[in-house]
> 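Mind looking over this structure? Questions follow.
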Amino acid sequence: MIVFLTEEASMQVTLATLIRALYPHLIEGMHWWVLKFSGKSDLEKNIPQKMRNWNHGDPLFVILRDNDGSDCIALKKHLGKLASSTGKPFKVRVVCQELESWFLGDDQAVAKSYPNCRFSNKTAKYRNPDRMTNASQVLADLTGDSSKVQRAALIAQHLNPARNASRSFKVLFNTLQQHLG
């Protein structure tokens, strides 16, 4: 079982949609859970308590948080320190830089969700979406949709790990494969 601890609703929707699409035979609540918090500080404040008090199954906890321009190594250490105090198994996965980088990493998934939206991961601007510091705004401009949760629900169902240009997405996908696949 994997229990994801996420910072926001759009991350929760993305993970739940992605897991349902990639692993339709797995049951939410039995094989996986996605818990959302109200932002980074709420997530960080609740990591130790939520992990320590978890009494359902024997889960691997996966802490998922946007990098948002932070020092990635320092952020992973900080989150790891919060989780390690619980003595429970965990992994930290940092989304570089924002969740929307994952969506920009798969131009075909965006096109399926927003047929009027055209861009290519072959162009320099979109080739490495993890480096974009304003991915959310770029995606809103490209799609005409400013709702993070709605974009997540639409695009996540079409994400394909094999063609995604986001390295941080591929790292998360490898974690899914190791523990759910």
Side-chain angles (χ1 to χ4, degrees), residues 1-19 22-23 31-54 56-106 121 126-139 148-149 151-152 155-156 159-181:
M1 169 190 288
I2 294 183
V3 176
F4 292 93
L5 306 176
T6 68
E7 70 178 76
E8 62 187 6
S10 60
M11 231 177 242
Q12 178 189 37
V13 167
T14 298
L15 283 170
T17 303
L18 186 64
I19 293 168
L22 296 173
Y23 307 100
H31 299 106
W32 59 275
W33 294 71
V34 182
L35 306 176
K36 74 167 172 60
F37 295 89
S38 300
K40 294 170 196 58
S41 59
D42 187 43
L43 168 66
E44 291 179 22
K45 179 180 78 175
N46 283 291
I47 287 170
Q49 177 186 7
K50 197 55 90 170
M51 288 176 64
R52 201 174 285 116
N53 293 337
W54 190 270
H56 179 75
D58 189 23
L60 168 70
F61 290 91
V62 177
I63 300 161
L64 187 64
R65 203 201 105 166
D66 284 347
N67 188 33
D68 287 332
S70 299
D71 176 328
C72 191
I73 293 169
L75 177 59
K76 283 186 87 167
K77 281 184 181 178
H78 170 67
L79 295 172
K81 185 176 181 181
L82 293 172
S84 66
S85 69
T86 69
K88 302 225 175 152
F90 71 92
K91 291 186 184 255
V92 175
R93 296 294 176 252
V94 175
V95 180
C96 297
Q97 290 292 325
E98 300 177 298
L99 177 66
E100 289 76 11
S101 298
W102 290 2
F103 304 145
L104 291 171
D106 189 341
N121 290 121
Y126 301 107
R127 199 170 293 135
N128 188 347
D130 289 345
R131 290 189 180 184
M132 297 181 85
T133 57
N134 61 343
S136 181
Q137 186 58 53
V138 168
L139 191 60
K148 288 180 158 210
V149 175
R151 286 190 318 239
I155 299 170
L159 288 174
N160 182 331
R163 68 175 178 241
N164 201 302
S166 168
R167 184 179 178 286
S168 66
F169 177 77
K170 289 180 181 186
V171 169
L172 176 83
F173 176 70
N174 287 339
T175 301
L176 292 175
Q177 284 292 92
Q178 289 172 358
H179 299 283
L180 292 178

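What you see is a predicted model; the values in this text were computed from it and never measured.
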> To the nearest 0.5 Å, what is the distance between CG on Leu159 and OG1 on Thr17?
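Reported value, rounded in 0.5 Å steps: 9.5 Å.
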> Can you classify the ring geometry of Phe169 versus Phe173 as parallel (below 30°), tilted (30 to 60°) or perpendicular (above 60°)?
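Answer is parallel, since the angle falls under 30°.
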> Using the rule given for side-chain contact (heavy atoms from CB on, under 4.5 Å), can you reason through Leu172 versus Leu15, listing the C-alpha separation, both sets of side-chain angles and the distance that settles it, and then say yes or no?
CA-CA 10 Å; Leu172 176 83; Leu15 283 170; 3.6 Å; yes
> When the side chains of residues 58-66 are checked against the rest of the protein, which donor-acceptor pairs come out under 3.5 Å, sequence neighbours left out?
unit_1 : atom_1 : unit_2 : atom_2 : d
Arg65  : NH1    : Glu44  : OE2    : 2.6
Asp66  : OD1    : Leu99  : N      : 3.1

> Give, for atom CG of Leu176 and atom CD1 of Ile2, the distance between the pair rounded to the nearest 0.5 Å.
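Between atom CG of Leu176 and atom CD1 of Ile2 there are 6.0 Å.
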> Got a sec: does the NZ of Lys50 have more than 12 other heavy atoms crowding it under 6.0 Å?
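No, NZ of Lys50 has 12 or fewer neighbouring heavy atoms, counting only those of other groups under 6.0 Å.
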> Please determine which of Arg151, Lys148, Lys36 meets the side chain to side chain contact (heavy atoms under 4.5 Å, CB included) test together with Ser10.
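Testing each of Arg151, Lys148, Lys36 against Ser10, the sole residue satisfying side chain to side chain contact (heavy atoms under 4.5 Å, CB included) is Lys148.
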> Check whether Asp106 reaches the backbone of Asn160 with its side chain - one donor and one acceptor, N or O, closer than 3.5 Å.
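Here the side-chain-to-backbone pair exists.
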> Taking the side chain as every heavy atom from C-beta outward, state whether Val3 and His56 have any atom pair closer than 4.5 Å.
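Val3 does not reach His56 side chain to side chain.
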> What heavy-atom pair brings Ala16 and Val34 nearest, and what distance separates the two atoms?
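In terms of heavy atoms, the two residues are closest at N-CG2, 4.3 Å.
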> Tell me if a side-chain donor or acceptor on Asn121 pairs with a main-chain N or O of Leu104 at a distance below 3.5 Å.
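Present.
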> To the nearest 0.5 Å, what is the distance between CD on Gln97 and CE on Met132?
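Interatomic distance, Gln97 CD to Met132 CE, rounded to 0.5 Å: 11.0 Å.
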> More than 12 foreign heavy atoms under 6.0 Å from CZ of Arg93: is that the case here?
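More than 12 heavy atoms, drawn from other residues, nucleotides or ligands, come within 6.0 Å of this atom.
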> Within the side chain of Asp71, is there an N or O that forms a donor-acceptor pair under 3.5 Å with the backbone of Ala74?
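The answer is yes, because a donor-acceptor pair under 3.5 Å joins these two groups.
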> Give the intermediate values and the outcome of side-chain contact (heavy atoms from CB on, under 4.5 Å) for residues Trp33 and Met1.
CA-CA 8 Å; Trp33 294 71; Met1 169 190 288; 3.7 Å; yes
> In Å, rounded to the nearest 0.5 Å, how long is the span from CZ of Arg131 to OG of Ser101?
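Going from CZ on Arg131 over to OG on Ser101, the span is 12.0 Å.
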> Can you tell me how far the CZ atom of Phe90 sits from the CG atom of Leu5, to the nearest 0.5 Å?
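It is 11.5 Å, given to the nearest 0.5 Å.
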> Without swapping roles, check the side chain of Glu100 against the backbone of Leu139 for a donor-acceptor pair under 3.5 Å.
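Pair absent, no side-chain N/O of Glu100 close to backbone of Leu139.
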> Flag the pair Asp68 / Lys40 as yes when at least one side-chain heavy-atom distance between them is below 4.5 Å, and no otherwise.
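Touching, per the 4.5 Å side-chain cut-off.
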> How far does OG1 of Thr86 sit from CE of Met51, to the nearest 0.5 angstrom?
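Between Thr86 OG1 and Met51 CE, I get 3.5 Å after rounding to 0.5 Å.
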> Going through the checks in order, is the side-chain contact (heavy atoms from CB on, under 4.5 Å) test met by Trp102 and Ile155?
CA-CA 10 Å; Trp102 290 2; Ile155 299 170; over 6 Å; no
> Verify, without hydrogens or angle tests, whether Asp42 (side chain) and Phe37 (backbone) share a donor-acceptor contact under 3.5 angstrom.
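Looks like no, no N/O pair under 3.5 Å.
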